[in-house]
**Student:** 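Got a structure for you, questions after.
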Amino acid sequence: MNVVMIGAGYVGLVSGACFSEFGANVMCIDLDAERVERLAAGEMPIYEPGLENLVERNLDDGRLQFGTDLAAAVSEADLVFIAVGTPTRRGEGYADLSYVYQAARDIAPHLSGYTVVVDKSTVPVGTAAEVKRIISETNPEADFDVASNPEFLREGAAIGDFMRPDRVVLGVESERAERALRELYRPLNLIEAPILVTDLESAELTKYAANAFLATKISFINEISQLCEEVGADVHAVAKGMGLDGRIGKKFLHAGPGYGGSCFPKDTLALVRTAQEYGVSSRIVEAVVEVNAAQKARMVTKIRHALDDTVSSKRIAVLGLTFKPGTDDMRDAPALTILPQLVDRGADIIAHDPQGIDEARELLPPQVSYSDDIYATIEGADAVVLMTEWNAYRGLHFKRVRELMRGNVFVDLRNVYEPQTMRDHGFHYACVGREA
Ligand code: UDX
């Protein structure tokens, strides 16, 4: 099968590499010639565990290629995936679909023979229908169907998620398109991964509903964590007690500084906008978004409180900047909201992150300084704030940490450590939703 992936960003690159691993001939097309050149040389533009090996192997085997010649690639394709970006339009909450529609216009004149054009980007309900309209209008002769195949990949675990998915959702408008997509995903039959075939709109909405529901679980437990702090309960025990009920499930009930990343913040807002457009209420998702913003604000208060209500002139060592471990992605990371507020209040911040420092430098206030050594970061600090639960921070040598610090405040926004252990080590310890 010949597959063309339009867009060699995060989703396009991972999906293209994985489809080639499935055995398809994949051509990833990107407008950025420099990016394409580097990818063709096996150089990854993003950090994703396992991706580099996968790309190199399939490049060597000739199943995976990178290029800029969209016309030639599309004319040979059985399936064309649109995996371009859909950023939130600034301040509006709407997903910006201009890149998706431009891709549809670019593809249309070059379709040759029956082709399935598949939306892979996360796009609001109705986008596939609009892609269909654009292609038909641009090239009335084209023999094609559109389809929607949303991705459910977690950054840092994307390859595994692609290769062993909980499910694959295929929104289709014809049996012919269904056959082509089922053929592409055939290797997954071996592991009996459920393949769910739906109409276009259901597939599109499934992605938003799934992400909004996961975000709901997080905001729910974050709100409960505040109540835990007030009544003296332990959010770990509460989450465990809830999660053991199979109807609730134990995953995504980890209290923390609020969700971030490229999906949850954007997709929750986009779902609210879609509901508004159709005159339907989305009060739950709206509350989820509000609670997430409040949680980040609450973390600033928590840090100030741990430092006797003033952070001015206090040296704060921040461990972890990315929105979660295993990625260099800083998009909507809680650190981007929390640290500027501490800087505004006069804190002297030094930060460490195993992967995110380059991007963080561009996004955080210039007053923040950085170190690539954990213990050098901690040296002389009044407080350590653990912001992202990278494995590198799980085995901290507490005696050394205490000796290096000027103060003894440790604010653990990911509940990595046990309160009693931290107190035994002489820390003034604060965490989220647990007695400290
Ligand atoms: C998410 C979805 O999991 C994935 O299916 C979708 O396609 C894209 O969005 P990702 O953004 O990579 O993936 O990260 P994920 O691991 O889901 O975490 C999202 C955010 O929620 C992170 O900031 C994380 O720290 C936070 N989180 C997650 C919590 O605060 N508590 C939890 O219990 C789980």
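Throughout, residue positions are numbered sequentially from 1 according to the sequence presented. Just so it is clear, the structure is predicted and the values come from calculations on it, not from any experiment. Counting convention: from 1, in listed order, for ligands and their atoms alike. For the numbers below, each heavy atom of this structure counts, side chains included, while hydrogens, waters and symmetry mates do not.
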**Student:** I need the single residue from Tyr10, Phe22, Phe152 that forms a ring-ring contact (aromatic ring centres under 6.0 Å, His included) with Phe162. Which is it?
**Tutor:**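 Of all the options given, the one that passes is Phe22.
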**Student:** Under the side-chain contact (heavy atoms from CB on, under 4.5 Å) rule, collect the residues that match up with Val168, sequence neighbours excluded.
**Tutor:**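 Expected list: Asn149, Pro165, Leu170, Tyr185, Leu188, Ile195.
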**Student:** Within the protein, flag every N or O under 3.5 Å from an N or O of ligand 1, and note the pair and distance.
**Tutor:**
from: ligand 1; atom 1: 5 (O); to: Phe152; atom 2: O; distance (Å): 3.2
from: ligand 1; atom 1: 7 (O); to: Leu153; atom 2: N; distance (Å): 3.4
from: ligand 1; atom 1: 7 (O); to: Leu153; atom 2: O; distance (Å): 3.4
from: ligand 1; atom 1: 7 (O); to: Lys207; atom 2: NZ; distance (Å): 3.3
from: ligand 1; atom 1: 12 (O); to: Glu155; atom 2: N; distance (Å): 2.6
from: ligand 1; atom 1: 12 (O); to: Lys324; atom 2: NZ; distance (Å): 3.1
from: ligand 1; atom 1: 14 (O); to: Lys324; atom 2: NZ; distance (Å): 3.1
from: ligand 1; atom 1: 16 (O); to: Lys324; atom 2: NZ; distance (Å): 2.9
from: ligand 1; atom 1: 23 (O); to: Gly260; atom 2: N; distance (Å): 3.0
from: ligand 1; atom 1: 23 (O); to: Phe323; atom 2: O; distance (Å): 3.0
from: ligand 1; atom 1: 25 (O); to: Phe323; atom 2: O; distance (Å): 3.4
from: ligand 1; atom 1: 25 (O); to: Arg414; atom 2: NH1; distance (Å): 2.8
from: ligand 1; atom 1: 31 (N); to: His254; atom 2: O; distance (Å): 2.9
from: ligand 1; atom 1: 33 (O); to: Leu253; atom 2: N; distance (Å): 3.4
from: ligand 1; atom 1: 33 (O); to: His254; atom 2: N; distance (Å): 2.9

**Student:** Tell me whether Lys302 contacts the main-chain N or O of Val432 through its side chain, where contact means a donor paired with an acceptor under 3.5 Å.
**Tutor:**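 Such a contact is absent between Lys302 side chain and Val432 backbone.
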**Student:** Does the separation of the ring centres of Tyr375 and His397 fall below 6.0 angstrom?
**Tutor:**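 No, too far apart.
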**Student:** Do Pro194 and Leu196 have side chains that get closer than 4.5 Å, going by heavy atoms?
**Tutor:**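 Sidechains of Leu196 and Pro194: no contact.
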**Student:** Walk me through it: do Phe323 and Tyr259 pass the test ring pair (Phe, Tyr, Trp, His ring centres under 6.0 Å)?
**Tutor:** CA-CA 7 Å; Phe323 80 99; Tyr259 59 77; over 10 Å; no
